[in-house]
Amino acid sequence: MLRRRSPGLLGAALALVLGCSGGATPAPAARPAPVVKTPSVRPRAPEGPPLLPAHVIAALEDEDATPYLARRGDEALLLYAAGGTWRTRVLGADGAPRGDAIEAGPVPADVPVAALRAAPKGYLAAWIEQLEGGRAVRVLALDPAGKPLAPASLVAHTAEEISWLDVLPNAKGALVVWEVPREDRVDVVVSAVAQGSGPAIKPTTPASVAREVLGWNAVATERGAAVALVLPRPGPAAKGERRPATKAAAEDALDAAKLGAVSILEIDAAGKVSAPAVVSPEPTARTDLEIVAAGGRYLLTWTDERDIDGAVYLAAVEPGGKVVVAARPATPPSGEQALVSLVAPSAEGGGRALLAWEDMLRARGGAEGRGAGRLIHLAAVGPDGALGAARAGLVFSASGPPDLAADGDGFAAVTLAPAALEATGGEAAAPIWPTFVRFGPDLSVRAAEPVRAAPFAATEGVPYLVRGLSCHGGACWTLASAAAGAAPRQGGAGEAAGAGAPLALVSLPVRDSAWRAPAFREDREPPPRATALRALVEGDHIARVAAADLGGGALLAAWVTYFVEGASDAPRGQDLSATLAVRAASASGLGKLNVVSQRASSLGGVAIAAGPPAPADPKRQAGAAQAESVLAWVARERGETQVFVTKLDAAGAKVAQKRLTTAPRKKRGGVPSEASDVAIAHDGAGGYIVAWIDTRDGNAEVYAARVDRALNRTVPDRRITSAPLDASEVQIAVRGQETWLVWSDARPAGDAAGAGDPGGESAGDIYLARLDTKTLQKLGDEARLHASPEHSRSPVLAPSEGGLVVGWVEEPAGEGASTGGGARLARLDDKGALVGPPVALAGPEGAAVSSVALACGEVCRGALASAPGDSVSLSAFTLAPGGGAASPPKPLVGLTGAASQDVSPVFAGRSGASLFFADDAASGSGRVRWMTIAWP
């Protein structure tokens, strides 16, 4: 069954409801400010590097209390609660306090959310408080010294819940915007706050910005604000619309209800709301919408699910609502993506914002030896919505987003990552600490160190919480607090008196450091590397994938789904099994999904071979030859399996189909005979040779047959092997007048021809047989390629210069076998003889190898699937002609499926540029993916 399912939300923000940081650029509304929390379990700290400059600026009564910081030019203001009052403190350009804290008025007992922003006359603070019978919004105006200009003003009092609030300053005052939750949707409300000549502020009557939206975000402008919205699908369900027939369909409908269209509206300084303008009409946007102002335009970005894989989309809008860059993917396809954040440019940043996103199918943070964690991708983006060529990777060992800020013409980050010295590398025992990174204009790393300072000497210099990253004039700061009871070191400059959790302002300088940076330039990564990754289908789990190169950049992928016999939920009278489908792919996009059969056998597998173009059809394209291919597969009808062949055109549509076998499948002792493990190759003369495993004569043996271009049999079923034990997983290649077969066979050890004692059963080795291509008669005895005490399985064949290369998987077998195992590669000359001993190939970090794919031209390029942990990863390697060893496998992608999944990787063509494979999506459904690879 093929269907579309939306994956779960990825890259979610921290679950705690936390206050806004007050940097030079306002934090987006409706988003908690990032907070980096140090894990409580800490390995021994590295010795030596100096601590960072810091000033203790306050003592928090609660270690989890939220302080607020806003920068205004070279100075900044701190706002925090202590002793039942709001307190403020001015900080100088060096981060040191300028005078004592000032009491700014009473603080309510329950303040779930507050905000502090720089305003034309000083600062504006706003918060939500609990009042009898509902919630209230209040605003407090402060002068540049942090003194209140007047008592806090009541902006709104409502019986409804208020879940979020922000202050958006403009040239005349500010807009206070808040959110009212309504089940799975929210209302957005605004009040304009004007600062006149007197000390009092005058909020306007609250006005509705948008009702029952799925998500929103806002950015302050000189004129007021711009608000981006995710709007639900219009109207209720049509009357009489049928309810979902299955649980999967109901889940699809629920996921779709969480997606919407993207619009934008503006609010002027007086609080007047404009009509919304449509940015993306398709109801496919998730609610992680972000908006910033850059270069006189608005940049909007979100995670979009209009295709099978979620992708990060970008759009640019002029003030007034004119869309100047239509919604489009921000990057080439790279599998499932999730937006992390969009950072507004600084005043001196030249209008470049910073886009941060996560590719779920990429090598994790362990790449480059920087330790375990998520890998966040960074790229600068201009007002035209185009990403710069430079790419950076940032390791983040937590579930929420890292703290990011513009830093002049570069950027800064505070992340959570393994802390290790360059001299020791990124060992697994390294402690996980908050670490800052300063990026240059080209996203190169200018500086990086853990956030360690003297006020936190009781915990090796590492704070409990880090938040509020901000940069101005080349100086970057972050707020850091200790756990309650961890007193600051005595005698520190600017030390704050009083018990509680020490709060410090830590400077993040650009200086030489011995610490290993948790960031790197990705675009300088040497090949092999994945350049694009996209899904062809989503639905049931995938059992086997096949692919062919039709020439001219045209590719065909085929797959069969996984189906357990007897577990079908098909309607009565319908004999359904696994689904066999085909889809064309090229640089211009994906073709139509063609379902060939819903009665396929999962065990039968699928194989595809490209033939030379068929003669032109005058009725279709005069003078143009038609590319074609033939599919081999197994169908199950009335409980019996037979091999079928299907001719396909270049688009993957069925042209002709015939049954290849008619073997009686009588039950022997209650078990019917089966056909499985099909393979196919073009015979070089207009026809095709098909091989498969068949149990019609007792145990599993290798069979072969030949058909012409019209799919008529020219050589009927021929039994190739005759051994006392089972064969499996046959593969085929044609070399002129010879056809070569390889397979795994459990025949007795030391008996290549199969005439030995069954009691000498082996764990399974790889065998080779050479056939006459015209008659399919065997040319000599079968040959064991390598005798191994391990179980040799899943062979693959790749024609190469002067012969063939065979690859297979070896896994421990027998009593006491472990979960290890690797792969092995063998070169064969044009007579089928081994050229040197087979080459052993281990998985990355010793991980067990589950499958291997090969494509050989002047050099052999390969991909292997391994399970380094609880999931599968794909790695790339090369095997040069005459080389005694393959290159160490380099990770390409980390998949979302379980470690036990067989991803069935296969190359289309001899270049190795296109790899197709199976993977389970984060939602649990199966997907077929297409990855393009850049090789050295």
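In what follows, residues are counted from 1 in the order of the sequence shown.
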Between [X] and [Y], which heavy-atom pair has the shortest distance, and what is it?
{"X": "T773", "Y": "G736", "answer": "OG1-O, 3.2 Å"}
{"X": "V730", "Y": "A679", "answer": "O-CB, 3.6 Å"}
{"X": "L895", "Y": "A918", "answer": "CD1-O, 4.1 Å"}
{"X": "A609", "Y": "H682", "answer": "CB-N, 3.9 Å"}
{"X": "I732", "Y": "L797", "answer": "C-CD1, 3.8 Å"}
{"X": "D745", "Y": "D726", "answer": "OD1-O, 3.3 Å"}

Are the side chain of [X] and the backbone N or O of [Y] linked by a donor-acceptor pair below 3.5 Å?
{"X": "R910", "Y": "P799", "value": "yes"}
{"X": "R718", "Y": "T775", "value": "yes"}
{"X": "S586", "Y": "G553", "value": "no"}
{"X": "T661", "Y": "V643", "value": "yes"}
{"X": "E729", "Y": "S794", "value": "yes"}
{"X": "S788", "Y": "E790", "value": "yes"}
{"X": "R735", "Y": "G803", "value": "yes"}
{"X": "S602", "Y": "F563", "value": "yes"}
{"X": "D919", "Y": "G897", "value": "yes"}
{"X": "K890", "Y": "R529", "value": "no"}

Less than 4.0 Å between a side-chain N and a carboxylate O, is that true for [Y] and [X]?
{"X": "R391", "Y": "E525", "answer": "no"}
{"X": "K774", "Y": "D683", "answer": "no"}
{"X": "D309", "Y": "R929", "answer": "yes"}
{"X": "D717", "Y": "R696", "answer": "yes"}
{"X": "E782", "Y": "R747", "answer": "yes"}

Check your understanding: In terms of the angle between their ring planes, are H786 and W808 parallel, tilted or perpendicular, with boundaries placed at 30° and 60°?
Key ->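 Because their plane-to-plane angle lies in the 30° to 60° range, the rings of H786 and W808 count as tilted.
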Starting at [atom1] of [X], measure out to [atom2] of [Y] and round the result to the nearest 0.5 Å.
{"X": "F907", "Y": "F916", "atom1": "CZ", "atom2": "CZ", "value": "11.5 Å"}
{"X": "K831", "Y": "L779", "atom1": "NZ", "atom2": "CG", "value": "10.5 Å"}
{"X": "L892", "Y": "L915", "atom1": "CG", "atom2": "CG", "value": "8.0 Å"}
{"X": "D920", "Y": "E538", "atom1": "CG", "atom2": "CD", "value": "10.5 Å"}
{"X": "L394", "Y": "E358", "atom1": "CG", "atom2": "CD", "value": "11.0 Å"}
{"X": "I693", "Y": "S728", "atom1": "CD1", "atom2": "OG", "value": "6.5 Å"}

Practice item. Determine, step by step, whether L631 and L580 satisfy the side-chain contact (heavy atoms from CB on, under 4.5 Å) criterion, reporting the C-alpha distance in whole Å, the side-chain angles of both residues, the deciding distance to 0.1 Å, and the verdict. Key: CA-CA 10 Å; L631 202 65; L580 174 68; 3.8 Å; yes
Check your understanding: How far apart are the C-alpha atoms of L741 and L768, what are their side-chain angles, what is the distance that settles it, and do they pass the side-chain contact (heavy atoms from CB on, under 4.5 Å) test?
Key -> CA-CA 6 Å; L741 304 178; L768 167 73; over 6 Å; no
Is there a side-chain contact between [X] and [Y] (heavy atoms, below 4.5 Å)?
{"X": "V645", "Y": "Y688", "value": "no"}
{"X": "E674", "Y": "V634", "value": "no"}
{"X": "V395", "Y": "S397", "value": "yes"}
{"X": "V630", "Y": "L648", "value": "no"}
{"X": "L555", "Y": "L550", "value": "no"}
{"X": "L828", "Y": "V806", "value": "yes"}
{"X": "V707", "Y": "V715", "value": "no"}
{"X": "T739", "Y": "R770", "value": "no"}

Distance-only polar pair, side chains of [X] and [Y], donor-acceptor under 3.5 Å:
{"X": "E522", "Y": "H377", "result": "yes"}
{"X": "Q777", "Y": "D772", "result": "no"}
{"X": "S914", "Y": "W930", "result": "yes"}
{"X": "T579", "Y": "D540", "result": "no"}
{"X": "T331", "Y": "Q337", "result": "yes"}
{"X": "T531", "Y": "T932", "result": "yes"}

**Study point:** All ring-ring contact (aromatic ring centres under 6.0 Å, His included) counterparts of W633, not counting sequence neighbours
**Key:**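 By the ring-ring contact (aromatic ring centres under 6.0 Å, His included) rule, W633 matches F644.
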Review point. Taking it one step at a time, do E336 and R927 satisfy salt bridge (Lys or Arg N to Asp or Glu O under 4.0 Å)?
Key: CA-CA 11 Å; E336 187 71 48; R927 294 184 181 182; 3.1 Å; yes
Practice item. With D765 as reference, evaluate R793, R784, R824 under the salt bridge (charged side-chain N to carboxylate O under 4.0 Å, His left out) test and give the passing residue. Key: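 Among the candidates, only R784 passes.
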Exercise for review: Decide yes or no on side-chain contact (heavy atoms from CB on, under 4.5 Å) for E701 and I720, but give the supporting numbers first.
Suggested key: CA-CA 7 Å; E701 301 288 355; I720 305 302; over 6 Å; no
**Study point:** R544 vs I542, side-chain contact (heavy atoms from CB on, under 4.5 Å): CA-CA, chis, key distance, verdict
**Key:** CA-CA 6 Å; R544 185 64 55 188; I542 306 300; 6.0 Å; no
Check your understanding: More than 12 non-hydrogen atoms from neighbouring residues, nucleotides or ligands closer than 6.0 Å to CG on L536, yes or no?
Key ->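 Buried by this count: over 12 neighbours within 6.0 Å.
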Just list the side-chain donor-acceptor pairs under 3.5 Å for residues 865-879, sequence neighbours left out, or say none.
unit_1, atom_1, unit_2, atom_2, d
T878, OG1, S887, OG, 3.2

**Study point:** Check against side-chain hydrogen bond (donor to acceptor under 3.5 Å, both in side chains), T641 and S601
**Key:** CA-CA 7 Å; T641 58; S601 164; over 6 Å; no
